[in-house]
Amino acid sequence: MRAVAIAHPNVALVKYWGKRVRAGNLPATGSLSLVLGGLSTETSVTFDPSLRHDRVLLDGREDPETTARVSACLDLLRQEAGVSTPALVESRNDFPTGAGLASSASGFAALVTAGAGALGLHLPAQRLAEIARLGSGSAPRSLLGGVVLLRNREATTVCEQIAAAADWPLQIVVAVTTSGPKAISSRIGMARSEQTSPFYAAWVETHAADLDTGLVAVRNRDFPALAAIAEHNCLKMHAVMLTTRPPLLYWTPATLACLHKIQELRQDGVPVFFTVDAGPQVKAVCLPGAADDVAAVLGRLPGVLQVLRSPLGEGARLRANAD
Ligand code: PMV
């Protein structure tokens with residue numbers, strides 16, 4: 001009744017911001033992402049009849065909002081297994097939690113993988129993705145490795161691996177500009193954007209074309225084309241965030257300094273582009289040979305606290321010999 005899983009966060013190059021229908025946590029748009037193999041979440045799930053209710057420890061701390069979302073996923077797994085036993089969930093990240101590094105994606109991908117493992121369930125990938133999506137709309141993307149496409153299909157979403165990590169060995173340099181958790185969660189932020197941003201409708205309307213352009217760029221291993229569409233889509237999402245009421249201004253001065261520097265580097269011929277999620281951290285995506293220089297340059301910018309490096313990684317998996 002116990003299993004341990006490892007999953008990695010992912011960063012979207014063509015992003016999801018906004019839901020189709022609140023029930024089931026269905027994204028309004030598809031998305032295209034990279035799995036960051038250098039950052040990890042490890043989650044253990046132990047179903048224990050002596051517990052009175054689920055307990056969730058995230059980096060050693062309990063948080064009622066997270067526990068409710070975790071229990072919603074566990075309920076579906078329990079339903080599949082025909083049991084009602086409460087669980088103890090312990091999850092640790094080796095990177096800053098809740099600060100725009102997609103800890104919820106890796107967290108829920110690891111949770112459903114470990115939960116299903118602990119119950120001895122062998123669910124179809126699509127069902128596991130649906131259960132992970134309840135916790136976080138971007139979590140199904142962390143179930144697979146490399147470059148992942150999430151598409152809406154009828155009343156659900158489906159994930160597909162577009163390239164494995166070894167197929168296109170991109171490197172991601174993460175410039176951490178704030179270490180604390182973000183002020184407004186993605187879930188609350190996107191609900192506000194749907195209701196108040198005058199740009200939200202245009203974001204949804206123009207999204208399918210961005211997704212197709214990103215997909216073609218990955219399939220052709222066309223780095224300049226991927227750079228152009230990823231930066232455009234990122235800035236368009238932030239335009240929606242900035243025009244939300246009250247505004248969602250996730251950037252710090254160091255975030256902006258990184259964006260300028262990355263554009264400058266690219267103009268000088270360095271194969272790198274940026275993307276930023278709902279937080280102040282900047283992810284610089286590079287062709288392998290450029291990562292050392294990009295990390296060194298970003299690390300020297302004022303306000304950059306830490307630089308993390310990551311290759312593309314694998315999807316969520318059970319850890320063998322879980323102790
Ligand atoms: O999965 P959530 O609910 O944490 O939302 C993720 C939203 C973004 O990271 C901003 C974009 C994305 O597609 O990952």
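Note: hydrogens, waters and symmetry copies are ignored here, and every other heavy atom, side chains too, is used. Just so you know, ligand 1 is whichever comes first in the structure, and atom 1 is the first atom listed for that ligand.
- A chain of hydrophobic side-chain contacts below 4.5 Å, direct or via other Ile, Leu, Val, Met, Phe, Trp or Tyr residues, connects Val174 to Leu226.
- Heavy atoms of Arg141 found under 4.0 angstrom from ligand 1 belong exclusively to the side chain.
- Side-chain atoms of Ser310 come within 3.5 Å of backbone N or O of Gly37 as a donor-acceptor pair.
- No side-chain donor-acceptor contact under 3.5 Å links His238 to the backbone of Trp251.
- Taking any N or O of Ser138, backbone or side chain, at least one lies under 3.5 Å from an N or O belonging to ligand 1.
- The residues Arg2 and Asp48 are annotated as not salt-bridged, no charged nitrogen and carboxylate oxygen being separated by less than 4.0 angstrom.
- Distances from ligand 1 to the non-hydrogen atoms of Ala105 include no value under 4.0 Å.
- Listed for the Arg92 side chain is no donor-acceptor partner under 3.5 Å among the backbone atoms of Glu42.
- Polar contact with ligand 1: absent for Lys19 (N/O pair, distance under 3.5 Å).
- Applying the salt bridge (charged side-chain N to carboxylate O under 4.0 Å, His left out) rule to pairs touching residues 134-159 yields Arg151-Asp212, sequence neighbours excluded.
- For Trp17, no nitrogen or oxygen atom sits less than 3.5 Å from a nitrogen or oxygen atom of ligand 1, counting backbone and side chain alike.
- Residue Ser104 touches ligand 1 through its side chain alone, judged by heavy-atom distances below 4.0 Å.
- Considering both main-chain and side-chain atoms, Asn10 never comes within under 3.5 Å of ligand 1 through any nitrogen or oxygen pair.
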Show me the donor-acceptor pairs within less than 3.5 Å that the side chains of residues 123-131 make with the rest of the protein, sequence neighbours left out.
| from | atom 1 | to | atom 2 | distance (Å) |
| --- | --- | --- | --- | --- |
| Gln126 | NE2 | Glu130 | OE2 | 3.4 |
| Gln126 | NE2 | Thr156 | OG1 | 3.4 |
| Gln126 | NE2 | Thr157 | O | 2.7 |
| Arg127 | NE | Glu80 | OE2 | 2.7 |
| Arg127 | NH1 | Glu130 | OE1 | 3.1 |
| Glu130 | OE2 | Thr156 | OG1 | 3.0 |

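- Of all atoms in ligand 1, listed by their number and element, those nearer than 4.0 Å to a heavy atom of Ala12 are 12 (C), 13 (O), 14 (O).
- When heavy-atom distances to ligand 1 are checked against a 4.0 Å cut-off, Arg187 has no atom that comes that close, whether in backbone or side chain.
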